[in-house]
Amino acid sequence: ENPKSGIRFNSIAPGYIETKLTKLLQEEEEQRERITERTAMKKWGVPEDIAGAAVYLASDRASYTTGTTITVDGGYSIT
């Protein structure tokens with residue numbers, strides 16, 4: 001947190017989320033299966049999965065959280 005401004009510096013790193021932007025990948029069976037198989041949880045995320053992290057970062061409970069990235073990717077980055 002910048003003590004002068006009260007601003008904290010955080011980010012969210014999403015995995016493959018079912019949205020309009022990923023619709024083409026979802027519709028291509030081979031691509032969708034490749035991504036699903038690589039993801040530890042064996043599924044794509046939904047926008048609500050990202051929303052939880054955003055709500056946390058915007059809340060007072062995250063008042064001591066700064067300079068970090070919350071990865072919400074169903075385990076894609078660990079496989």
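Note that the numbering runs from 1 along the sequence shown for the chain.
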*Nearest-0.5 Å distance, CG of residue Leu21 to CD of residue Gln26*: 10.0 Å
*Mind checking side chain to side chain donor-acceptor pair (under 3.5 Å) for Ser11 and listing every partner two or more places apart, or none if nothing turns up?*
Thr69
_Trp44 vs Thr36 side-chain heavy atoms within contact, under 4.5 Å_ = yes
_Restricting to salt bridge (charged side-chain N to carboxylate O under 4.0 Å, His left out), what partner residues turn up for Lys23, sequence neighbours left out?_
Glu27
*asked:* Once ring pair (Phe, Tyr, Trp, His ring centres under 6.0 Å) is applied, do any residues pair with Tyr76, and if so which ones, sequence neighbours excluded?
replied: Tyr16
*What residues, two or more places apart in sequence or in another chain, satisfy side chain to side chain donor-acceptor pair (under 3.5 Å) together with Ser77?*
Asp73
*side chain to side chain donor-acceptor pair (under 3.5 Å) with Thr65: which residues, sequence neighbours excluded?*
Tyr56
*Considering residues at least two apart in sequence or located in another chain, which fulfil the salt bridge (charged side-chain N to carboxylate O under 4.0 Å, His left out) criterion with Arg32?*
Glu18
*Under the side chain to side chain donor-acceptor pair (under 3.5 Å) test, which residues partner Glu28, sequence neighbours left out?*
none
*Side-chain contact, heavy-atom cut-off 4.5 Å: Ile50 with Pro14?*
yes
*Does any non-hydrogen side-chain atom of Ile70 lie less than 4.5 Å from one of Leu57?*
yes
*Any donor and acceptor pair, going by atom type alone, linking the side chain of Thr22 with main-chain N or O of Ile17 inside 3.5 Å?*
yes
_Give me each pair satisfying salt bridge (Lys or Arg N to Asp or Glu O under 4.0 Å) with a member in residues 44-54, each pair once, sequence neighbours excluded._
none
